[in-house]
There are 2 protein chains.
Amino acid sequence: MHDLACASLQGDDLCLPCGLARLAGTPEGARLSQRRVPRGEPLYRQGSAYGAIYAVRAGSFKSTVHDEDGLEQVTGFHVDGDILGLDGMARLRHASTAVALEDAEVLVLPSCDAGLDPLLPRLMSRELVRQRERLQLLMGRSAEARVATFVQDITQRMHARGYSPREFHLRLSRGEIGSYLGLKLETVSRVFGRLQRQRVLRAEGRHVRVLDPAALAAACGASA
Amino acid sequence: MHDLACASLQGDDLCLPCGLARLAGTPEGARLSQRRVPRGEPLYRQGSAYGAIYAVRAGSFKSTVHDEDGLEQVTGFHVDGDILGLDGMARLRHASTAVALEDAEVLVLPSCDAGLDPLLPRLMSRELVRQRERLQLLMGRSAEARVATFVQDITQRMHARGYSPREFHLRLSRGEIGSYLGLKLETVSRVFGRLQRQRVLRAEGRHVRVLDPAALAAACGASA
DNA sequence: CGTTATATTGATAGATATCAATACGGGTGG
DNA sequence: CCACCCGTATTGATATCTATCAATATAACG
């Protein structure tokens, strides 16, 4: 029963994917249910009753919030290993909508799971820190730095999961990226154009290839 | 023992201050220790070992993070009833610094307190939602909207705690407000000047008086 | 009362948003 | 298989906003 928690609590950084990987085949693992979510379908909707949190096993999701006028804003981009739904616990109602960007699969983690419980506060704390880092990233930095960081973040996450760190297929439109980064879609497009002219990357529509990782890293630091 | 959790879990919104208020004088309350923090002193520092979270009982705090170069950025402003230190659980090391803006007093909440534990995930979830709301506020909105929202937020919090909703003493400099809102100090100053000329409020240095709450609310909505 | 930090105010430059037109691309139906 | 269409992306011209640089004024403090 402690497999999940212990595996994940060890070390400085906690790693739920690792913990979850160990669950495969164990009695505890069998207890957890999976759920398939077809591309374009919501895993949950803002305002709906909170029931569980989810761990992405395959595919990717975007999180969005809708303000009073119904305007959609992208607040998150999630892949394999990420946890979704933590924001629903406060009011026992989901505070955002999660939509699959491609056919996806998630592990359903009931909120009072004995194996997950001791881990939960730390997981949430990490999310809190990440959220703040994202805020700091977006605030003082230029459009170029934001886009560069976004691209780098994706390549790193892809790499960590065994995919090519040089090439990937974006599943978000320019408008969605802009919404996520606090920029207008035209600005996102222009930045991609600039980075391409500087031979940092090649962006053919949504297919992105990183040509110069060092230059990309450098572009992440430009302040305003 | 369940006083704290139950009082706070009832209703749609959870309220730790209410729960804590009930603890005064009870056996559980006596168990919790208090701590005084003189003005300008840190409650904890970024990077120091995580030991507990804290509930503000009197006074106010600012949270800051220091980037690699040591540059300070204000990430939070906390008053009576707010919880501090949640970001330290992820790595068991505080991810930010909390400094008292005036002589303050906090309740020390050991992380594995039996009364607090069931409440913790919801508390953290709420913080997660707030953090995101803050991000959305800062991203697409004009300097005027940011400052107006900041002022309104303070008056509302003050009001909820029994102080005058019209007048308060800012304990942050223009530079600190700017850091918190993602603006330069000159811009903050100019916005205060503009709001003053429009008779929305009167700002004499750090003493602020709201003259026209409706106009202030209207100013919160200006996008970019 | 002087000294230093903080705040206000002005002039200018730089960045992104906005408005507008054109190009591309994927899918559908002919 | 090609032509057409609609959503998406690119590119350009201009407006708006905030940052920056700089000077002065005010407030806090010893």
Side-chain angles (χ1 to χ4, degrees), chain A residues 39-40 62 71-74 101-102 136-151 169-198 201-209 219-224, chain B residues 39-40 62 71-74 99 101-102 136-151 169-198 201-209 219 221-224:
Chain A
R39 168 188 178 141
K62 69 170 176 180
L71 278 169
E72 172 174 310
Q73 177 157 10
V74 178
L101 295 168
E102 58 196 305
Q136 288 177 268
L137 165 73
L138 295 186
M139 276 201 350
R141 309 199 109 69
S142 71
E144 195 166 311
R146 296 183 203 187
V147 174
T149 307
F150 173 70
V151 171
H169 196 82
L170 263 179
R171 294 196 163 74
L172 295 167
S173 71
R174 296 288 186 264
E176 287 171 323
I177 297 171
S179 173
Y180 183 55
L181 297 177
L183 301 168
K184 292 298 159 188
L185 66 92
E186 295 96 325
T187 305
V188 174
S189 186
R190 275 184 244 272
V191 171
F192 272 119
R194 236 178 291 157
L195 291 174
Q196 186 153 349
R197 256 174 276 121
Q198 295 164 209
L201 52 76
R202 169 165 288 274
E204 291 167 341
R206 300 190 185 184
H207 191 82
V208 178
R209 170 193 286 258
C220 295
S223 33
Chain B
R39 167 188 177 139
K62 69 171 176 179
L71 278 168
E72 172 174 310
Q73 178 157 9
V74 178
V99 173
L101 295 168
E102 57 197 306
Q136 289 178 267
L137 166 73
L138 294 186
M139 275 201 350
R141 310 201 108 69
S142 70
E144 195 166 310
R146 295 184 204 187
V147 173
T149 308
F150 173 70
V151 170
H169 197 82
L170 266 179
R171 293 198 161 74
L172 295 166
S173 71
R174 296 288 185 264
E176 286 170 323
I177 297 171
S179 173
Y180 183 56
L181 297 178
L183 300 168
K184 292 298 159 187
L185 66 92
E186 296 96 325
T187 304
V188 174
S189 186
R190 275 184 245 269
V191 171
F192 272 119
R194 238 177 290 157
L195 292 174
Q196 185 153 348
R197 258 174 274 123
Q198 296 165 208
L201 52 76
R202 169 165 290 275
E204 291 167 344
R206 300 192 185 185
H207 190 81
V208 178
R209 169 192 286 259
S223 33

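Just so it is clear: chains get the letters A, B, ... in the order the sequence lines come, proteins before strands, and each one is counted from 1.
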Listing time: all N or O pairs from protein to nucleotides 3-6 of chain C that are below 3.5 Å?
residue, atom, partner, partner atom, Å
C:dT6, O3', B:R206, NH2, 3.4

Establish, with yes or no, whether the OP1 or OP2 oxygen of C:dA17 is under 4.0 angstrom from a side-chain nitrogen or oxygen of A:T187.
yes
Is there a side-chain contact between A:E102 and A:H169, using heavy atoms and a 4.5 Å cut-off?
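With C-beta onward as the side chain, the pair stays apart.
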Taking donor-acceptor contacts at under 3.5 Å, does the side chain of B:E144 reach the base of D:dC17?
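Absent.
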I need the [X] [atom1] to [Y] [atom2] distance, nearest 0.5 Å.
X	Y	atom1	atom2	answer
A:E204	A:L170	CD	CG	12.5 Å
B:F192	B:I177	CZ	CD1	4.5 Å
B:L201	B:R209	CG	CZ	11.5 Å

Okay, side chain of [X], backbone of [Y]: is any donor-acceptor separation there less than 3.5 Å?
X	Y	answer
B:R171	B:R206	no
A:R174	A:G205	yes
A:Q198	A:L195	no

Measure from [atom1] on [X] to [atom2] on [N] and round the result to the nearest Å.
X	N	atom1	atom2	value
B:M139	D:dC17	CE	P	19 Å
B:K184	D:dT20	NZ	P	5 Å
B:L185	D:dA19	CG	C1'	11 Å
B:E186	C:dG10	CD	P	14 Å
A:E176	D:dG7	CD	C1'	13 Å
B:R202	C:dT8	CZ	C1'	15 Å
A:R171	D:dT8	CZ	P	16 Å
A:L183	D:dT10	CG	P	14 Å

To the nearest 10 degrees, how far apart in direction are the end axes of the helix from C:dC1-D:dG30 to C:dG30-D:dC1, each fit to five base pairs?
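Taking the rotation axis at each end, their angle is 40°.
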Test: side-chain hydrogen bond (donor to acceptor under 3.5 Å, both in side chains). Region: residues 183-192 of chain B. Which pairs qualify, not counting sequence neighbours?
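Pairs touching residues 183-192 of chain B that pass the test: none.
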Just the atom pairs and distances: protein N or O near nucleotides 23-30 of chain D's N or O, under 3.5 Å.
none

Over all strands shown, is A:G178 touching base, sugar-phosphate only, or nothing at heavy-atom distances under 4.0 angstrom?
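If one applies the 4.0 Å heavy-atom cut-off, A:G178 turns out to touch nothing in the nucleic acid.
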Which pairs would a plain distance check flag for residues 144-151 of chain B, meaning a side-chain donor or acceptor within less than 3.5 Å of a matching protein atom at least two apart in sequence or in another chain?
residue, atom, partner, partner atom, Å
B:E144, OE1, B:R194, NH1, 3.2
B:R146, NE, B:L138, O, 3.2
B:R146, NE, B:R141, O, 3.0
B:R146, NH1, B:L181, O, 3.0
B:R146, NH1, B:G182, O, 3.3
B:R146, NH2, B:L138, O, 2.9
B:R146, NH2, B:R141, O, 3.3
B:T149, OG1, B:A145, O, 2.6

Short of 4.0 Å, heavy atom to strand atom, which residues of residues 188-197 of chain B count as contacting DNA chain C?
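Correct list: B:S189, B:R190.
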